Amino acid sequence: MLKVLQRIIQEVNAAHHVQEALQIVVTRVCEVIHVEACSVFVLDPISQRYILIASKGFSEGVDGKLNLGLDQGLVGLVGQKEEPLNITDASLHPNYCYFPQTGEEKYRAFLGVPIIHQRRVLGVLVAQQTKARAFDSAEEAFLVTICAQLSRLIAQAQSAGVLPRLDAHTFEHRVNGIAGVAGVAIGTAVMAYPLAELDAVPDRKIHDIDEEIALFNKALVSAREEIKSLGEHLAHHLPVEEQALFDAYLRILDNESLGAEVITLIKTGQWAQGSLKQVIQQHSRFYEEMDDEYLRERGADLRDIGRRVLSYLQADAREKIVYPPKTILMGDELTPARLAEVPQGLLAGLVTAKGSINSHVVIIARAMGLPTIVGAEGLLLHDIENKTVIVDGYHGVLYVDPTLSLLKEFKRLEAEEKELSRGLEKLKEVPAETADGLRIPLYVNTGLVADIQTSLNAGAEGVGLYRTEVPFMARDRFPGEEEQRVIYRQLLESFAPRPVTMRTLDVGGDKELPYFPIDEPNPFLGWRGIRITLDHPEIFLVQVRAMIHASQGLNNLQIMLPMITNLHEVIDAKALIARAHQELCDEGFLVHMPRIGAMIEVPSAVYQAQRIAQQVDFLSIGSNDLIQYLLAVDRNNSRVAGLYEGLHPAVLQALLHVVQVAHAEGKLVSLCGEMAGDPTCVILLMAMHFDSLSMSAASLPRVKWVIRNFTLSRATELLEEVMQMHHPKMIRAHLENALEESGLGGLVRAGR
């Protein structure tokens, strides 16, 4: 049976289009399990009806015409039950429906198997036979396996908009994705189609090499001018570090970089378009094969640059896109340059079929305050152009052609969200203190020096986490001690006398340096964080020397050690920091020994938290990684992202344990990460008595509002209640209801 399955899969993969692939499936199923009929019904996401897509053994011409409701017939029952349905005589079943156009009245034995992708029913595969009989377990297992293979094929076909559809304007089209940037946006969908298709460029020999080089140089100059203009367009909206991305684009387009490689190929006789294709494909493939999410995004950026140059090679001018007011920009994937093409003031939201919440586009969207959805599988790009859409950035849901009632509701939410934002602006100068006297300092997480003013404007009382790897990732080599000192000094001076907690270099796992590649089969459980820097003390010492030197005369530096898994890592790192401090003192610098903290991000550190606390000045829980490791969930994997939940009972128990043992040792404990910026979670963090919280600058006003409008006594009651609950959804619903009862529902979703 395995060989048969492999052969079918090979045939399906070789099919030229999805309709041909599905016809292969129904034909082969009939042959393999010896049935007279096999059919595939696909659920149309807009009309919510099953459409017969492919069949064998039915009347000719019925494919694409027969459709069933969600609760109609045995097909509907299979979809509702989400499990195989094996019936000896279908005609006797109460859900049996007769459809004369199929000619199926002669079929009695029925085996229906749901086609499911990421917990979503996409369709049903049905096998039927004239003779009344029950299908055996091997036949059922065969169809289940076929459906598992079909699920991704159908999901991709739906996303590409190449499956038959019903005209159903009365139905709302809802597409689920991953919430990238919270907020509500209502507007008109505009597709960001690829500028030019590099993969479609053929190889071609040329005779006049000089003329071809001249054509390429002209296209290169045009692309450089375009990128420069786009960078200037976004200059007022982005931090300096993010603006530097466009400078990086310009360096790539330099004659000494990408241009030189392309010209070298042209000199071999390959035309400019083919030479450009080869260079871009080679470099982008290098990035795309990396485990690091940040660097994979750089591959997308490189392709975007290549398409821009190609478009100038193919035509003197490109078709100009018309951007309506309140543009919702959509695409398979988006790049910062595509955002910059939208005229100022017209961009309202973003939706991508691919990508993750850590992509560069999402980082920029967050800085611009644009509600964003990523990983929206099933995004029918071809059908959405110019339609009215709603972006629900709180729950990662896109609504296409919404009904008047839904549109009215979201317009109300949008208006109330704006009103809420205006109210939050007034909180900058007031402390985060509960009505019954609990004071919680609120800090910011940042990796960009340019975030300084934004953070101060939001009322940040310091930096709870400065990600020092960002300057490392922005270079093509390790930055020297003086380079690092200048960067760190700017940050420390800007926040002085407020504390600034700098995390030592944390690479590996999902953060890889292009000049320091780490090739591992499982990087998240491999060589990363403190393990790397302790193995390379020359890197660690240069960095901590730069940090301590930068703090001279300010004394607001705190150093934090990432990914601690055992006590010896803390002891060894402390010894190196003490050595760096002593070296600077011996060189005549008047520097103080900074406070040292350890990050609790893995289960082993949770269980050793008390002994670790004895060795450091403070603890900081990195909620993002701790949740990931405790729950074994990669939050950037759309298949399991829904399981990533900070309110999971195991996470809450771990947090409470760390706080209690840290306080038993007289040490402060903070929490940084997305949990700290989630108004719902903040209630419990207050009750657990965290000494400080660190979050993005955008989240800080909302968290402050919760703290100022809640009481410690009420938060303590809620903590006791939810610790008895077993399901994260129950816990979140309970807390959201508590916020709503306190008049704070708008913090978890506008208008509540």
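Both backbone and side-chain heavy atoms feed into the values below; hydrogens, waters and symmetry mates do not. What you see is a predicted model, and the numbers here were worked out from it, not measured in a lab.
- Each salt bridge (Lys or Arg N to Asp or Glu O under 4.0 Å) pair with one or both residues in residues 26-43, not counting sequence neighbours, appears once here: Glu11-Arg28, Arg28-Glu31.
- No side-chain heavy atom of Lys411 sits less than 4.5 Å from a side-chain heavy atom of Leu413.
- The closest donor-acceptor contact from the side chain of Tyr50 to the backbone of Val40 lies at 3.5 Å or more, if one exists at all.
- How far CG of Leu52 is from CG of Asn67: 9.5 Å, rounded to the nearest 0.5 Å.
- We find that Asp89 and Lys131 are not joined by a salt bridge, their nearest charged nitrogen and carboxylate oxygen being 4.0 Å or further apart.
- The aromatic ring centroids of Phe410 and Tyr399 lie less than 6.0 Å from each other.
- In the displayed structure, Leu404 atom CG is contacted under 6.0 Å by at most 12 heavy atoms of other residues, nucleotides or ligands.
- Salt-bridge check for Arg133 with Glu139: passed, with a basic side-chain N closer than 4.0 Å to an acidic carboxylate O.
- Taking the salt bridge (charged side-chain N to carboxylate O under 4.0 Å, His left out) definition, one finds that Glu140 meets it with nothing, sequence neighbours left out.
- Electrostatic pairing of Glu409 and Arg412 counts as a salt bridge here, judged by a charged N lying under 4.0 Å from a carboxylate O.
- Using a cutoff of 4.0 Å between basic side-chain nitrogens and carboxylate oxygens, Glu645 and Arg732 are scored as salt-bridged.
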Which is it for Leu329 and Leu339 under the side-chain contact (heavy atoms from CB on, under 4.5 Å) test, yes or no, and what are the steps along the way? CA-CA 8 Å; Leu329 194 64; Leu339 270 62; 4.3 Å; yes
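- Here the side chain of Glu83 pairs no donor or acceptor atom with the backbone of Pro114 at under 3.5 angstrom.
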